[in-house]
Every structure is written in structure tokens, then in C-alpha cells.
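Notes to accompany the following structure.
A, B, ... follow the sequence lines: proteins, then strands. Residue 1 opens every chain. Quick note: numbers below take in every heavy atom, side chains included, and nothing from hydrogens, waters or symmetry partners. Because the structure is a prediction, the values reported are computed rather than measured.
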Number of protein chains: 2
Amino acid sequence: MTKKQLIMEKAIELFAEKGFEATSVQQITDECGISKGAFYLTFKSKDELILALIDYFMMQFTSDIDYVVKNTKNKEDLLYKFYYTIFNSFSKHADFAKILIKEQIRSFNEEFLQKSHIYDQAMDKIILSMVERLYGDEIHQTKHDVMYCVKGFMKTYAELFLFHNLPLDLDLLARSLVEKTNVLARNITIPFISTELVQLLHQSKGKEATKDQILELIEQNINEIEESIEKESLILLKQQLIEPALSPAIVKGLLENIRNHTQCKWTSYLLRDYFEVL
Amino acid sequence: MTKKQLIMEKAIELFAEKGFEATSVQQITDECGISKGAFYLTFKSKDELILALIDYFMMQFTSDIDYVVKNTKNKEDLLYKFYYTIFNSFSKHADFAKILIKEQIRSFNEEFLQKSHIYDQAMDKIILSMVERLYGDEIHQTKHDVMYCVKGFMKTYAELFLFHNLPLDLDLLARSLVEKTNVLARNITIPFISTELVQLLHQSKGKEATKDQILELIEQNINEIEESIEKESLILLKQQLIEPALSPAIVKGLLENIRNHTQCKWTSYLLRDYFEVL
DNA sequence: TATACTAATGACTAATAAGTCACATGTCAA
DNA sequence: TTGACATGTGACTTATTAGTCATTAGTATA
């Protein structure tokens, strides 16, 4: 394990237990068995650490969910797999999930807020696309309400098992929430979240990643990565991004090649979104 | 306005904006136009202030909801009034609601956690009793799931309008959530939150107020309050608590007399709970 | 082995903020 | 007017913690 990983791991534990502001850099370094100076060789500041943690987990998290939603062919399984994947990630990375819920909307610094917003909107988009696919146009009026209810279920039930360390029956939880979501989506008629409201919500907020930003990210990945298959896939995807030439099947296959590499997950999510691979 | 009220009001504003830990006592006193010393003449510490704020608002809040639930005769109106009252309180005391959501489960100090827990459980109890009354025994298996979904709706939709300062159509919101709640309660069949799970949740947590604690509170109220009707009502209720002698109608009337006095709201809630007035 | 370079250390600085207290100011009754 | 008491003040103390930097330890190369 690198020093960076060690710091991130111990920091997650401490932040989850005591909160970000209540945890000092000294406590983190003590826990890691390193000096304070060593910490500042790895991270420029305490803020940079929390930002790195958010990126690290949220990129994985978001892209995993996106992959499941985009690649589950069978509509019957879709919702189940969605909830199962979400809560599975929550329980695997319980400490990070706790931080996410605890430190929510706190206003540390502008960058933190912006980041939270970007991931939040990415998740909204994924859930909304799932809702649209599942229930079609007949719930056009209520789709945003359904989306917010799904988010509400996620948050409420996550808190339940994260902060009371209860035994978690993932299968039952997923089935139970699938039923709730279906029941809601198929029966509600009074939307609260109208299209105008959504526009008000989204105006003046973060925008999508640009082609240039994705290119930069790929460049970075290419330099970091050793494995030849992943590296070549990235190079081809980069060319495809600059000048489309490959067939959708090839693009999809290339994306498949990189999606399980930790450092590429986010790139793969952005590319799926960009190429609109279904 | 007393100095105490002034401090509480300005503190609420600052805490909602920047968070509890990020707001210094100096900033609060500057905002109030008083000195730091004056602050410490009113509150023994910064912690005592936040605890006082929680009690002040949560007591009002909880007892208002409880009153609405216990005193709405017509089942048709019950859910609507519940949601309307909740979101009305949230929007009236938006700054406090923000703090409540932002600083949630943070672990400042043991007393804070305990207090949050007590109010949380009081709210659970109120919602559960409402759900039971509305849907009867046929949803015995799923009532806790319904209760948690109601809490999920509250939190999710509260966040929506508190942190994006959107225009709020209270009537539409209440109607929309009434429908969602009804649809869920009447159609779900797969409970996730079983009776055993509830027991696990509630074990080793806060307990109900004892008779002696209520008596002490009444004594305190009697000394604080000037108004003769309220004062006499309290004295009679105190005697009733020590030795029951009055008819339920009289008790209910006495409770009605005190329920709108800010300082008595919590007492009135505890007494309603104790006497099981329906 | 000597040299050059990188990584790690922890005492130190600077900033912030909770809480205190000697002193000042205001108020009211005799 | 005086004295007694309540109320208010803000400089000061104490504690904590983010971040720095001169120094040391470790390692690889010639």
C-alpha cells in the first residue's frame, strides 16, 4: 500500500467516527505511524485530502451504478440490481458513506460544494434515465418526483443501517425498495416537482465535462497505467474522441476493457456519457 | 426581546449559514452588538447555546405535530394536515431546519446525540401512531416501512426547498405527499423493517420522561408564567398527575389551555403522552 | 566509499477561538 | 448624593491545530 492510500484509509475511518473538522492532521498521522511532514509531502492541505477522498469514492461509486443501469438488459432486473449495487457499495465503503451523509451540504469551501453538486447531478441523471426506461413516457409528469423518492429511499434506508450497525439483508432490502418504487411510479398522479422547478434547480449549477477535459483525463490515465490492454484501449478511445472512426461495438468493447481499472472508472463513465453507449 | 432571545436568533442565522463549528462566539456577539462577556452571562458555554436552540425549536415542533395528529378527527384530513404542518414549520423556521439537516448526526458531544435521539424517537412515535390510525391493522407488517418512508419524504423534500430557495407551494406539496403515502401504505407487501429490527433499533436508547421529570417541569412552568389561566391549569394538571381525580374532559380542556403558550408546549406534549389523551 | 538525491521528522510558527476576570458603567433605593 | 448591586466590557489567557522548514535518515549510483 502506498503512503497516499494509507493516509486516505485511516483518514476515512477517523472522519467517519469524529467528523472532518473534529479530526486533526496530527491524529491522522499518528494513526498512520508517520510524521506530520510526511502528510504534507502527499497532500498540500487537509482540504486537498477530503477532496481527494470524495473524488476517489464518488467516481467509483457513480460509474459503478451507471454501468449497472446502462448494461442491465432485462428491465425486470434493473431496479433490483440498482438498489443492490447501491447498498452493496454503501456497506462495503461504510465509513465513506457515513462521511457523505454526515458532512452533506456543509460549506467548508466552494470547491467541496461544487464537487458534491457535480456528483449529485450525475446521480440524478442516472436515476432519471433508469426511471424513464422503466416506466416509459406515461409517467412523464411524475418522473422527477419518482427520482427524488428513489433518492429519499436510498438516504433513509442507508442511514438506518449505517448508523445503527444492524445486520443487513441486502436481498430483502433491494426487493423491498423495488416494490416501493414500482408501487409509487405506477400509481402517483400529483407531481410536485414540475419541469419548471427542475429548471430552477439546475440553472447556474455545474456543467458537463467538456471533450477537452475528457481528453486531458485520458492523457493522464495513459501515463499512469502499465497494463497494455487498458493502455491501448485508452489510446484508441482518445483517437475516437478526436475523430470518430470506430463502430459502436468496438467503442463499447474498448470501454469494457477499461471499466474495471480503478483509475479508469471515471473516464469510462464520462466516455459512456459522451458516446451515449446504451 | 430579551438578550437571550436576541442571541438565539442571531446564532440560528449564523449557524444556518456557516455551520455550528465554523461560527465563533465573537461573530455571534458582534452580530448582536454585545460583548463576549455578556454572552457568557447568558449561556455557560457555546455548547449550552446549541442545546438550548435544539430544545427550544424541537419542543415546539414536536408538540405542534403531535397536537395536529392527536386532534384531527377526520381521517381524510389527517395526512394532509400532518405534511402541511411539518413543512409550514420548516419554512417558518427555515434557518433552524437547515441546521437540523446539516448538523444531523454530528457527534459534538454526548448530550447533543442523546437529545437528537429523544426528539427523533418522539417523532417516530407520532408518525407510527398516525400510520396505525390511518391504515389500521391490515398493514401491521409494513407499518414501520411506511413510517420510515414518511420520514424519507420529509427529509428529501425539505432539503429540496430549504437549500435551493425555491418557491414553495405548501398545498401542492402536502397533496402530493399524501398521495404518495397512501399509494405506498396500501400497496406494499414486502416489509424490510421487521419487528425484530425495530427492537434492535430501540434497545439501549433514550427512555420516556418519568412522572417526576414532568412534575419538575410543571413546577418550573408555574414559576415562570404570569398568565392566570395557564398558571391555574398547570396547578390542576400537577395535582392530577400526583393523584388522578379529574375527568378526561377536564384534563383535555386544561391541556388545551396551556398548549399554545410557548413555554408550556413541551409540557403539554409530555402530559398528552402520559395521560394518553386522544 | 563518497556523493547526490529523495523521503521523513518534529519542533516551531501563526492563527484562531473558547472562556475568564478585573474593571467600567448603569440603575435604583435610601 | 451615596452606596450597593446588577449588568456589561474587552484585553488577556490558554489551548488547539494547520501548515512550515531546518535537519536527519535512507537509498541509489558512480
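- Between B:K3 and D:dT7, a side-chain N or O to OP1/OP2 separation shorter than 4.0 Å is absent.
- In this structure, CG of A:L14 is placed 15 Å from C1' of D:dT17, rounded to the nearest angstrom.
- Here the shortest heavy-atom pairing between B:T156 and A:Y148 reads CG2-O, 3.4 Å.
- Rounded to an integer number of Å, the gap from CD of A:E21 to P of D:dT16 is 17 Å.
- The distance between atom CD of B:E48 and atom C1' of C:dG19, rounded to the nearest whole Å, is 13 Å.
- Per the geometry, CD belonging to A:Q27 stands 11 Å off P belonging to D:dT16, to the nearest Å.
- For B:F61 and B:W266, the distance between ring centers is not under 6.0 angstrom.
- Rounded to whole Å, atom C1' of C:dT20 lies 11 Å from atom CG of B:L41.
- Looking at heavy-atom distances under 4.0 Å, A:T23 makes contact with sugar-phosphate atoms alone, never a base.
- Each of A:R272, A:R259, A:K265 was evaluated against A:D66; a single residue qualifies, A:R272, per the salt bridge (Lys or Arg N to Asp or Glu O under 4.0 Å) test.
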Please report, to 0.1 Å, the donor-acceptor pairs under 3.5 Å made by any side chain of residues 3-13 of chain B, with sequence neighbours excluded.
unit_1	atom_1	unit_2	atom_2	d
B:K3	NZ	B:A38	O	3.1
B:K3	NZ	B:T42	OG1	3.0
B:Q5	OE1	B:T2	N	3.1
B:Q5	OE1	B:T2	OG1	3.4

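- B:T29 and B:Q26 get closest at one heavy-atom pair: OG1-O, 2.9 Å.
- Counting heavy-atom neighbours within 6.0 Å of B:Y56 OH, excluding the residue itself, gives a total of 12 or less.
- Counting to the nearest Å, the C1' atom of C:dG19 and the CD1 atom of B:I28 are 13 Å from each other.
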Could you encode protein contacts along nucleotides 19-28 of chain D as a string, one character per nucleotide from 5' to 3', using B for base contact, S for sugar-phosphate-only contact and - for no contact, with a heavy-atom cut-off of under 4.0 Å?
BB--------
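- A straight line from NZ of B:K18 to P of C:dA17 spans 8 Å, rounded to a whole angstrom.
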